[in-house]
Amino acid sequence: MRISTNTIYQRGIAKISDLQSEQSRLQQQIASGKRVLRPSDDPIAASRSLEISRSQSLNTQYASNRQIANSHLTGLDNSLGSITELLTNTRTTLVGNAGSLSTDQRSVLSINIKATLNTLVGYTNAKDLTGNYMYAGFQSDAKPFTATAAGATYNGDSNQLYLQVDNQRQMAVSYSGDSVFKAGGNDVFATYSVLAAVLDNPASTDADVINAVATAITSMDGAISTVVNTRSAVGSKLNEVDALNESGSSRELQYAQALSELQDLDYAQALSDLSQQQLILEAAQKSFIQTTGLSLFKFM
């Protein structure tokens, strides 16, 4: 079978073009540091890389959510700690005034109770680092508590903020004010207000005052228990966030390693292949020149 000069020429050009394309691909790989530049380079690796990248993106989002959760919970922990101290100090004061009180002692205790109530309302209207009220539920742009003659009214709702902190973990990172400070009908604000009213009433007998103080101590015990339990739950969640951060960091390393194994280039092998391709290309070009330069006239 005879092969025409044009066929020889076209085959030579095609071969050189293929070699140049392969050389260009190797140069691109070396420049990018990536073995897979397009899905067609390795469809299986490209598909697997896409799956891992999606998981990596979710892992990053969970880490961001945990950072937000940590901020919310740390703010709550600090706030509840201050409130616990305030309530405990009130209880200690009440225990020290559980007996019969003179008119002056009643007056001093009433002033103390009223001042503490104002401080408590201020604490329960605390804001987080973003400027939102901590204990207002979803009504985070309005003060949750307003001081009244009867203690304080709650202006928020009973909702809690939940964050997805891991693949299968949604965590509540807020507590509504009514669930903490008016839990089970034990309205700690009303306790302060009622006691102050009894102390300020000239008609109150010693028995009235003693009973009011005793009732207030019982209420304080319940309020302290609720606040301490809430703070304990917050502390447990902070510990859980720390544990999830550790596992999340471990997964991030695994994802990065898996992507590296699928995508990253073996530079030594690539440079060797490039050098080999260069030699082959040069040889092909020389062969092409020699082949296309052949003519019967050279043998005549």
In sequence, state the C-alpha distance, the side-chain angles, and the governing distance for Asp208 and Thr205, and then conclude on side-chain hydrogen bond (donor to acceptor under 3.5 Å, both in side chains).
CA-CA 5 Å; Asp208 292 333; Thr205 64; 3.1 Å; yes
Residues Tyr154, Asp187; criterion side-chain contact (heavy atoms from CB on, under 4.5 Å); working and verdict:
CA-CA 11 Å; Tyr154 182 59; Asp187 187 337; over 6 Å; no
Report the C-alpha separation of Thr191 and Asn186 in whole Å, then their side-chain angles, then the decisive distance to 0.1 Å, and conclude whether the side-chain contact (heavy atoms from CB on, under 4.5 Å) test is met.
CA-CA 8 Å; Thr191 297; Asn186 183 29; 4.2 Å; yes
Could you check Ser179 against Tyr135 for side-chain hydrogen bond (donor to acceptor under 3.5 Å, both in side chains), going step by step and ending with a plain yes or no?
CA-CA 9 Å; Ser179 70; Tyr135 301 107; over 6 Å; no
Would you sort out whether Asn112 and Thr93 count as a side-chain hydrogen bond (donor to acceptor under 3.5 Å, both in side chains), showing the intermediate values?
CA-CA 9 Å; Asn112 180 293; Thr93 298; 4.7 Å; no
Determine whether Asp104 and Ser102 satisfy the following criterion, side-chain hydrogen bond (donor to acceptor under 3.5 Å, both in side chains), listing intermediate values before the conclusion.
CA-CA 5 Å; Asp104 288 343; Ser102 66; 5.4 Å; no
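For the residue pair Ala196 and Ser110, the shortest heavy atom distance occurs at O-OG, 3.9 Å. Between Ser193 and Leu117, the shortest heavy-atom distance links the atoms N-CD2, 4.4 Å.
Thr215 contributes a side-chain N or O that, together with a main-chain N or O of Asn211, makes up a donor-acceptor pair within less than 3.5 Å. At least one donor-acceptor pair under 3.5 Å links the side chain of Gln164 to the backbone N or O of Asn167. Looking only at distances, no side-chain donor or acceptor of Lys237 sits under 3.5 Å from a matching main-chain atom of Leu73. At least one donor-acceptor pair under 3.5 Å links the side chain of Asp128 to the backbone N or O of Asn132. Formation of a donor-acceptor pair under 3.5 Å by the Thr74 side chain with backbone atoms of Ser71 is not found in this model. Judged purely by atom type and a 3.5 angstrom limit, Asn125 uses its side chain to pair as donor or acceptor with the backbone of Phe145.
At a cut-off of 3.5 Å, with distance as the only test, no side-chain donor of Asn159 or Ser176 sits close to an acceptor on the other residue. No side-chain donor from either of Ser53 and Tyr255 sits under 3.5 Å from a side-chain acceptor of the other. For the 3.5 Å distance criterion, the side chains of Gln139 and Asp157 qualify, holding a donor opposite an acceptor.
The structure places CG of Asn201 at 8.5 Å from CZ of Arg106, a figure rounded to the nearest 0.5 Å. Distance CD1/Ile224 to OG1/Thr88: 4.0 Å, rounded to 0.5 Å. Annotation: the span from Ser250 atom OG to Asn245 atom CG amounts to 12.5 Å, rounded to 0.5 Å. Within the model, atoms CG of Asp166 and CE of Met171 stand 9.5 Å from one another, a figure rounded to the nearest 0.5 Å.
Under the 4.5 Å side-chain heavy-atom criterion for grouping Ile, Leu, Val, Met, Phe, Trp and Tyr, Ile217 is not connected to Ile210 through any hydrophobic cluster.
Applying the under-4.5 Å side-chain rule to Ile, Leu, Val, Met, Phe, Trp and Tyr, the cluster around Tyr133 consists of that residue alone.
For the pair Leu94 and Ile113, the minimum side-chain heavy-atom distance is below 4.5 Å. In this structure, Arg91 and Leu87 have side chains that are not in contact, with every pair of non-hydrogen atoms separated by 4.5 Å or more.
By the neighbour-count criterion of 12 heavy atoms within 6.0 Å, atom CG of Leu129 is sparsely surrounded, having that number or fewer from other residues, nucleotides or ligands.
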